[in-house]
Amino acid sequence: MIPVVKPFLPPKEEYLEYISGIWKRNWLTNMGPLSNELELKISEYLKVKNLLYVNNGTIGLQMAIKALELKGDIITTPFSFVATTSSIVWEGCKPIFVDICSKSLNIDAAKIEEKITENTCAILATHVYGNPCDVYLINEIANKYGLKVIYDAAHAFGVKVGGESIFKFGDIAVCSLHATKLYHSIEGGFVVCNSDLLFKKLTSMRNFGFETVESFSELGINAKNSEFHSAMGLANLTHIGGVFDKRKTIFERYNKKLSTLNARRPKWFRNSENNYAYYPLIFEKEKQLNRTIDFLNKYEVFTRRYFYPSLASSLPYVERKELQITDEICEKILCLPFYTDLSIEEVDLISSLILKVQNDEFSL
Ligand SMILES: *Cc1c(COP(=O)(O)O)cnc(C)c1O
């Protein structure tokens with residue numbers, strides 16, 4: 001059986017070494033030494049300051065909206081994971097969907113301006129599959145209209161734009177370290193912001209709004225993560241170089257083996273690198289996509305329609321909205337099995353099965 005994703009696990013001994021330290025100290029959560037060490041190491045690795053480790057990416061998005069005191073309408077993308085939209089609604093704001101660009105699959109920055117009204121307070125965009133949004137144009141629009149910018153960078157660990165970490169763009173950028181992501185701490189996430197003042201606020205918010213043990217500076221929540229999660233994050237971080245190399249090899253093998261396939265791939269933003277987080281294919285027709293899924297399933301190869309359906313057409317708590325490009329992409333996009341342990345033989349098998357579907361179609 002080949003699943004669509006399999007979490008990376010470090011050698012057990014390396015994880016257990018961190019765990020024995022927890023037994024010695026008897027410090028299990030609440031900004032413990034491993035959690036602090038992880039924050040420091042991720043900041044160093046990404047070359048960013050003001051990084052806060054939290055218990056998941058979704059809470060990071062909610063904290064971002066809360067910390068920026070957003071009220072009213074937030075312009076966002078319909079082509080993302082549900083948490084992008086649900087955090088907006090959870091925080092009492094209204095999502096205003098802007099169609100995506102058919103090439104990048106990110107929010108079409110050129111269509112943002114026409115959706116801005118006096119109720120608009122922010123833009124919340126996702127770097128889909130780790131492909132950077134047009135961060136320069138979005139920044140320009142935000143400055144022109146005095147809007148805040150939050151990036152859902154859940155897929156974008158390790159991505160750089162023009163040589164700089166993608167987490168430096170926007171007022172706040174949020175990453176997920178969930179087990180299914182390329183770098184993870186089982187559950188987890190982090191929030192990055194440029195402003196020191198905002199960082200102080202987020203730090204207090206993560207811990208119930210405490211300022212000192214007996215005083216509060218903010219409305220807070222419990223967004224702390226445990227020492228056990230931090231241990232996984234630390235153990236995995238020492239393997240990150242190998243993880244990227246391996247994923248790049250798999251990615252390039254798929255490209256080579258599927259070069260004759262009648263399908264396209266998202267176009268990457270200029271001056272940025274792929275972090276090989278996913279392997280999406282955009283088929284020409286939904287019929288070909290469905291045949292491919294069914295045929296692969298027979299061989300116990302599992303794919304995922306990611307993202308499908310569009311957030312603007314499926315959530316019971318938002319007004320249904322048809323968006324031409326998003327709806328079309330949702331119908332035709334498929335993510336192939338892609339994880340660090342996937343072998344080259346498996347990539348070859350999956351590729352040949354996909355090509356077989358296409359060739360059988362031609363001969364019909
Ligand atoms: C995974 C993901 C999230 C949620 O992150 P969690 O850590 O699972 O809460 C949010 N947005 C996108 C685009 C994601 O892929």
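For ligands, and for the atoms within them, numbers begin at 1 and follow the listed sequence. The structure displayed is predicted, hence computed values, not measured ones.
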Check: salt bridge (Lys or Arg N to Asp or Glu O under 4.0 Å) between Arg206 and Glu39: does it pass, once the steps are laid out?
Finding: CA-CA 14 Å; Arg206 175 178 66 173; Glu39 266 175 1; 2.8 Å; yes

Notebook entry, point to check: Can we call the ring centroids of Phe79 and Phe307 under 6.0 Å apart?
Noted result: yes

Check: Under 6.0 Å between ring centres, would you say that holds for Tyr279 and Phe251?
Finding: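 Between Tyr279 and Phe251, the centre distance is under 6.0 Å.
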
Next item on the list: List in chain and number order the residues that pass side chain to side chain contact (heavy atoms under 4.5 Å, CB included) with Arg304, two or more places apart in sequence or in another chain; answer none if no residue qualifies.
Entry: Val4, Tyr306

May I have every N or O pair linking ligand 1 to the protein at under 3.5 Å, one per line with atom names and distance?
from: ligand 1; atom 1: 5 (O); to: Ser176; atom 2: OG; distance (Å): 3.2
from: ligand 1; atom 1: 7 (O); to: Gly57; atom 2: N; distance (Å): 2.8
from: ligand 1; atom 1: 7 (O); to: Ser176; atom 2: OG; distance (Å): 2.7
from: ligand 1; atom 1: 9 (O); to: Gly57; atom 2: N; distance (Å): 3.3
from: ligand 1; atom 1: 9 (O); to: Thr58; atom 2: N; distance (Å): 2.9
from: ligand 1; atom 1: 9 (O); to: Thr58; atom 2: OG1; distance (Å): 2.6
from: ligand 1; atom 1: 11 (N); to: Asp152; atom 2: OD1; distance (Å): 3.3
from: ligand 1; atom 1: 11 (N); to: Asp152; atom 2: OD2; distance (Å): 2.7
from: ligand 1; atom 1: 15 (O); to: His155; atom 2: NE2; distance (Å): 2.8
from: ligand 1; atom 1: 15 (O); to: Lys181; atom 2: NZ; distance (Å): 3.1
from: ligand 1; atom 1: 15 (O); to: Tyr306; atom 2: OH; distance (Å): 3.3

Notebook entry, point to check: Which residues satisfy the side-chain hydrogen bond (donor to acceptor under 3.5 Å, both in side chains) test with Lys66, sequence neighbours excluded?
Noted result: Glu91

Checklist line | Partners meeting ring pair (Phe, Tyr, Trp, His ring centres under 6.0 Å) with Tyr183 (sequence neighbours left out) | finding: Phe157

